[in-house]
There are 2 protein chains.
Amino acid sequence: MPESKITSVEVARLAGVSQSAVSRVFTPGASASKQTAEKVRKAASELGYRPNVLARAMVSGKSRIIGLLVAYLDNQFYPDALERLSSVLQDQGYHLLVFMAGKDASNVDNIVDEMLDYRVEGIIAASVSMSAKLAERCQRLGVPIVFFNREQNDKTRFSVTSDNYAGGYTVAEYLLSLGHKRISYIAGWEYASTQFDREAGFNAALTKHNMQCFGRAVGNFTHEGAAVATRQLVEQGLPDAIFVANDHMAFSVMDTLRHEMSLSIPGDVSIVGYDDVPIASWPAYSLTTVRQRANQMVSKTVEIIVAQIEGEALEPLQIKIDAPLIVRNSTAPNNQTTSA
Amino acid sequence: MPESKITSVEVARLAGVSQSAVSRVFTPGASASKQTAEKVRKAASELGYRPNVLARAMVSGKSRIIGLLVAYLDNQFYPDALERLSSVLQDQGYHLLVFMAGKDASNVDNIVDEMLDYRVEGIIAASVSMSAKLAERCQRLGVPIVFFNREQNDKTRFSVTSDNYAGGYTVAEYLLSLGHKRISYIAGWEYASTQFDREAGFNAALTKHNMQCFGRAVGNFTHEGAAVATRQLVEQGLPDAIFVANDHMAFSVMDTLRHEMSLSIPGDVSIVGYDDVPIASWPAYSLTTVRQRANQMVSKTVEIIVAQIEGEALEPLQIKIDAPLIVRNSTAPNNQTTSA
DNA sequence: AAGAACCAAAAAAACGTTTTATGTTTCATG
DNA sequence: CATGAAACATAAAACGTTTTTTTGGTTCTT
């Protein structure tokens, strides 16, 4: 019958040992004789004792809390990643304290301060950037940061992304191989490295084949923005194919083309996305896309951050997870009489 | 230039005051003269001092941490709610520590223990149930629990849900008003109160009109499960209309009917969902559904939990937020020659 | 048999705050 | 001018642990 607030002192009293003996029994590293361990464990379970993590954190400096900074969760990729992240960390005895950055990055500094107030042992910044000064400050305080799905210009940081450049490159080559000539691009938020790298790879491949992007509009990674961008793009002239900077926008693009403009996909226009969120495989969209291997990205992120927390001195690293093209039914060979 | 680990003692030294003076300047309630406050603030900002939340939590008993227990995030309703929840709490100076319960509820007890180890000030259990004993234990420890989107049998707890019974009732009446005769139901996870109440309300309305449910299959709230359930249901005979226990499954049902069975929605079958997640309004689905007002549900949840944390003694309450039917294009009047 | 060497346990220090008890100063009031 | 009440500041206790230091009892060596 567990009472309200049981401390190690009371367990010690019941077990007839010192308070520090209780502590040692409950700390993995420490040593205690079999006898005392037995007595302590018995008393503890009798009283329903559980160590106070906060008190432990105070003196040991280990809060077992990792701060997660995230801007939004409406792109399905993030809840999915969050779920895995949380599970994996949980298995290692860490937990995520969640901080929403909101759409504007203006207050990231304040939020990071709040995180540090909780003495988080590490920070995972998902789809959020950070001033070099701020990142430097965390580093100095011994709080490792890993950027998840966002790379910093500053190459002295850790980041885990898919290979966005290669992904974009592959998409362009694939669309060219289908015989498409007028290939357009719908961009995400201009200041995101994911956006930038995907487009750079995409353009590099086009250039290599002596082509250039047929049209371009900005969707800012939002559903509504993508619809607007689609209209702009089509006004400039109908493309054969559109590469959309992520799946979340691609769905909006497909809906707009199909239901607003009565165009057929892939008959009139081929569409390629990026992420391979679960919805992409749903028959309603069956979206050809580039897979971000969420599992691997999460594992790597956790591996890096835990290693740093446990004192390993790693060299700053920009991990890029291989990102394969998943071909579905939103793309088809170009069957139009090309160039008039 | 902020140094590594600044404590109130060092600020006190620089400001030429006692350490407790520093504390009082940084605790909202406490009083301090303008002069000292000024000196302290200056010294603090010079050193980059920020109070250690964990240390504060130790002595004051206020961790400003709220535990969020959640089973899964693939139903878009939850990330959406989580985002709002986190933002609202953040504004009030609380933060969410996330715990994934996983699919099996077997280990909920352990997870709640872990939460308590962190001295969370309250627990929000989203789409997760809890043994009466466990809930009782938290109560006794002074840690309030609010069940979000899940009601406990035990009416001595707090819960916030939409009015699932009324919602289900409305759906049945609406489908009947469209002239449908063969109305089937795809259930969620059988042990969820949301599932139970929606179906109960639905059946009550059918009964009232001297009808009964034409067919029933269980989808367990999963995408794949819903596809299987759809096949089972259709094998039993094609319904005029299907009420699906949530949107997440309804999308799968629609996809299966349309792309696997080449049926038209709403031409051959009308579909109604529950939740009104953002995807429901996308043209690809344009799903008629019952709206759960996530904003209101979140506000109420936060209101209740914060009030209890701050010491108000509320009566246990089962809040049911009004849940309006949102009619879109997945439903239409029955145009079939009825009953042969 | 005496000292070293070890070991388990206990005692005490530390972590960085808030809170309580105790002083001190100021200031108005009789 | 003395007095009591505010108002503020300080010192010290407390929070519940881990970690370091001290203690005391064995066992081993020589």
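Below, chain A is the first sequence line, B the second, and so on; all start at residue 1. Computed from a prediction, not measured in an experiment: that's the story for all the values here.
- For the OP1/OP2 pair of dG16(D) and a distance below 4.0 Å, the side-chain nitrogens and oxygens of S8(A) include no atom meeting the criterion.
- Ranking dT19(D), dT18(C), dG16(D) by closeness to the T7(A) side chain, first place goes to dG16(D).
- At the heavy-atom level, S33(B) lies under 4.0 Å from the strands shown only through sugar-phosphate atoms.
- In this structure, V17(A) reaches the sugar-phosphate backbone alone: every heavy-atom distance under 4.0 Å involves primed, P, OP1 or OP2 atoms, never a base.
- Using a cutoff of 4.0 Å between basic side-chain nitrogens and carboxylate oxygens, E303(B) and K300(B) are scored as salt-bridged.
- Atom-to-atom, NZ of K5(A) to P of dT17(D) comes out at 11 Å; the value is rounded to the nearest Å.
- Between S18(B) and the phosphate of dT10(D), there is a side-chain N or O to OP1/OP2 separation shorter than 4.0 Å.
- Between Y118(A) and dG16(C) there is no side-chain polar atom (N or O) within less than 4.0 angstrom of OP1 or OP2.
- For the pair V59(B) and G16(B), nearest-nucleotide mapping onto DNA chain D gives the more 5' position to G16(B).
- Between S20(B) and dA11(D), a side-chain N or O to OP1/OP2 separation shorter than 4.0 Å is absent.
- Here the nucleotide nearest the side chain of T27(B), chosen from dG16(D), dT17(C), dT18(C), is dT18(C).
- Residue V53(A) is tested with D117(B), L54(B), L116(B) for a side-chain contact (heavy atoms from CB on, under 4.5 Å); the sole match is D117(B).
- For the OP1/OP2 pair of dG16(C) and a distance below 4.0 Å, the side-chain nitrogens and oxygens of R56(B) include no atom meeting the criterion.
- Nearer to the 5' terminus of DNA chain D, by closest-nucleotide assignment, is the contact made by K34(B) (compared with the other of Q19(A) and K34(B)).
- Nearest nucleotide to the side chain of M58(A), out of dG16(D), dT17(D), dT18(C): dG16(D).
- Here CG of D154(A) is found 8.0 Å from CZ of F147(A). Values are rounded to the nearest 0.5 Å.
- D109(A) and R137(A) are not joined by a salt bridge, as no carboxylate oxygen comes within less than 4.0 angstrom of a charged side-chain nitrogen.
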